[in-house]
*Asks:* 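Here it is, the structure, as structure tokens.
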Amino acid sequence: MATKDLSNYNAELVPDASEMIFGIVVAEWNPEITNALAQGAVNTLLKHGAKENNVKLKYVPGSFELPLGAQYFAEHENVDAIIVLGCVIQGETRHFDYICSGVTQGIMELNLKYNKPFIFGLLTTLNQQQAADRAGGKHGNKGDEAAVTAIKMIDLKRSFAVR
Ligand code: DLZ
């Protein structure tokens with residue numbers, strides 16, 4: 001079965017992001033991949049109307065630090081959603097499993113703790129090629145997908161707001 005194209009979505013179904021504020025946390029491990037994810041996310045947010053000043057980027061050393069970096073955003077910045085971007089490539093040890101499960105659990109908990117969208121833009125791949133394929137390569141860019149998800153989740157939350 002073909003892998004989904006992460007950059008292929010129906011733009012007409014994406015709400016206007018001009019009144020939305022985003023935090024993006026980027027892991028510095030595998031920088032050629034994570035910088036491509038960040039570029040994709042930023043471009044997609046701007047394409048849907050986000051103002052440059054309302055897209056705030058911060059960096060953490062590795063993917064394991066993504067949940068805490070995201071929590072700092074929630075506590076110290078006025079943002080509507082936080083996107084975390086990282087890339088964990090499987091090595092010879094079990095490090096991969098521990099990092100992936102730590103980030104997954106951490107991000108899920110933040111969503112519920114802060115009642116705010118924390119978007120999971122973590123590539124978990126067997127090798128560098130699989131990561132490149134999903135960071136602007138033949139399977140699109142997971143940063144694009146994360147950006148669209150952030151916009152849609154903010155819009156969903158606002159749809160429940162008492163007017
Ligand atoms: C240590 C480590 C390893 C082996 N692999 C990755 C990786 O593929 N991707 C990634 O983002 N980070 C990796 N790290 C670093 C950890 O995420 C973390 O920064 C360190 O364990 C320090 O807490």
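The residues of the chain are indexed from 1 along the displayed sequence.
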*Asks:* Can you pull out every ring-ring contact (aromatic ring centres under 6.0 Å, His included) where at least one residue sits in residues 63-106? Sequence neighbours excluded, please.
*Replies:* none
*Asks:* Indicate yes or no for a side-chain donor-acceptor contact from Glu75 to the backbone of Gln71 under 3.5 Å, with no hydrogens or angles considered.
*Replies:*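 Such a contact is absent between Glu75 side chain and Gln71 backbone.
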*Asks:* Give the cluster check for Ile89 versus Phe120: same hydrophobic cluster or not, with ILVMFWY residues linked at side-chain heavy-atom distances below 4.5 Å.
*Replies:*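 Shared cluster, no.
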*Asks:* Which heavy atom of Ala36 sits nearest to which heavy atom of Ala135, and what is that distance?
*Replies:* CB-O, 3.4 Å
*Asks:* Decide whether Val103 and Trp29 are clustered together by the hydrophobic rule: side chain heavy atoms of Ile, Leu, Val, Met, Phe, Trp, Tyr closer than 4.5 Å, transitively.
*Replies:* no
*Asks:* I want to check something: taking the side chain as every heavy atom from C-beta on, are Glu52 and Leu46 in contact at a cut-off of under 4.5 Å?
*Replies:*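 In contact.
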*Asks:* Would you check if Ser63 and Leu66 make a side-chain contact, meaning some heavy-atom pair closer than 4.5 Å?
*Replies:* yes
*Asks:* Show me, pair by pair, the donor-acceptor contacts under 3.5 angstrom made by side chains of residues 17-27, not counting sequence neighbours?
*Replies:*
residue : atom : partner : partner atom : Å
Ser18   : OG   : Asp16   : OD1          : 3.4
Ser18   : OG   : Asp16   : OD2          : 2.5
Glu19   : OE2  : Lys51   : NZ           : 3.4

*Asks:* Are Leu57 and Leu68 connected in the hydrophobic side-chain network, where two residues link if heavy atoms are under 4.5 Å apart?
*Replies:*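 Each belongs to a different hydrophobic cluster.
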*Asks:* Any chance you could measure Met108, atom CE, to Lys113, atom NZ, to the nearest 0.5 Å?
*Replies:* 15.5 Å
*Asks:* Does a side-chain N-to-carboxylate-O contact under 4.0 Å join Arg158 and Asp155?
*Replies:*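 Not counted as a salt bridge, because no side-chain N and carboxylate O are separated by less than 4.0 Å.
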*Asks:* Flag yes if Leu45 and Ile82 sit in one hydrophobic cluster, no otherwise; membership is Ile, Leu, Val, Met, Phe, Trp, Tyr, and two members link when side-chain heavy atoms are under 4.5 Å apart.
*Replies:* no
*Asks:* Would the distance check show the side chain of Lys157 and the main-chain N or O of Asn115 forming a donor-acceptor pair, the cut-off being under 3.5 Å?
*Replies:* yes
*Asks:* Tell me the closest heavy-atom pair linking Asp5 and Ser7, and the distance in Å.
*Replies:*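 Taking every non-hydrogen atom into account, OD1-N, 2.9 Å.
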*Asks:* Out of curiosity, Glu109 CD to Tyr114 OH, how far, rounded to the nearest 0.5 Å?
*Replies:*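 Answer for the CD-OH pair, Glu109 versus Tyr114, is 11.5 Å.
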*Asks:* Decide side chain to side chain contact (heavy atoms under 4.5 Å, CB included) for Lys56 and Glu77; before the verdict, give the C-alpha distance in whole Å, the side-chain angles of both, and the deciding distance to 0.1 Å.
*Replies:* CA-CA 9 Å; Lys56 304 170 188 210; Glu77 289 276 0; 3.3 Å; yes
*Asks:* Would the distance check show the side chain of Asn111 and the main-chain N or O of Phe118 forming a donor-acceptor pair, the cut-off being under 3.5 Å?
*Replies:* yes
*Asks:* Please determine whether side chain to side chain contact (heavy atoms under 4.5 Å, CB included) holds for the pair Arg94 and Asp97, giving the CA-CA distance in whole Å, both sets of side-chain angles, and the decisive distance to 0.1 Å.
*Replies:* CA-CA 5 Å; Arg94 300 213 43 213; Asp97 302 308; 3.5 Å; yes
*Asks:* Tell me the closest heavy-atom pair linking Cys87 and Thr34, and the distance in Å.
*Replies:*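 Looking at all heavy atoms of both residues, the closest pair is N-CG2, 3.8 Å.
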*Asks:* Mind running side chain to side chain donor-acceptor pair (under 3.5 Å) on Gln129 and Asp133 for me, showing each step along the way?
*Replies:* CA-CA 6 Å; Gln129 185 60 53; Asp133 289 345; 2.8 Å; yes
*Asks:* Can you establish whether the number of heavy atoms outside Lys58 located under 6.0 Å from its atom NZ is more than 12?
*Replies:* no
*Asks:* Testing the basics here: between Leu85 and Gly143, what is the closest heavy-atom pair and its distance to 0.1 Å?
*Replies:* CD2-CA, 4.3 Å
*Asks:* Any donor-acceptor pair under 3.5 Å linking the side chain of Asn35 with the backbone of Pro31?
*Replies:*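 Flag set: sc Asn35 to bb Pro31 pair under 3.5 Å.
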*Asks:* So, the side chain of Asn30 versus the backbone of Ile33: is there a donor-acceptor pair under 3.5 Å, distance only?
*Replies:*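 Looks like no, no N/O pair under 3.5 Å.
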*Asks:* Between Lys152 and Pro15, is there a side-chain heavy-atom distance shorter than 4.5 Å?
*Replies:*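 When only atoms from C-beta onward are counted, Lys152 and Pro15 do touch, with a gap below 4.5 Å.
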*Asks:* Going through the checks in order, is the side chain to side chain contact (heavy atoms under 4.5 Å, CB included) test met by Val84 and Leu122?
*Replies:* CA-CA 7 Å; Val84 305; Leu122 184 70; 5.7 Å; no
*Asks:* Distance only, no hydrogens: is a donor on one side chain within 3.5 Å (strictly under) of an acceptor on the other, for Asp144 and Thr44?
*Replies:*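 Yes.
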*Asks:* Which atoms form the tightest heavy-atom contact between Ala41 and Ala147, and what is the distance?
*Replies:* O-CB, 3.5 Å
*Asks:* Hey, does Lys116 have a side-chain heavy atom less than 4.5 Å from the side chain of Met153?
*Replies:* no
*Asks:* Can you give me the closest heavy-atom contact between Pro117 and Asp80, atom names plus distance?
*Replies:* CD-O, 3.3 Å
*Asks:* Should Val60 and Ile83 be regarded as members of a common hydrophobic cluster, given that ILVMFWY residues are connected when their side-chain heavy atoms come within less than 4.5 Å of each other, either directly or indirectly?
*Replies:* no
*Asks:* Do Leu6 and Arg134 come within less than 4.5 Å of each other through their side chains, counting heavy atoms only?
*Replies:*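 A side-chain contact exists here, since the closest heavy-atom pair is under 4.5 Å.
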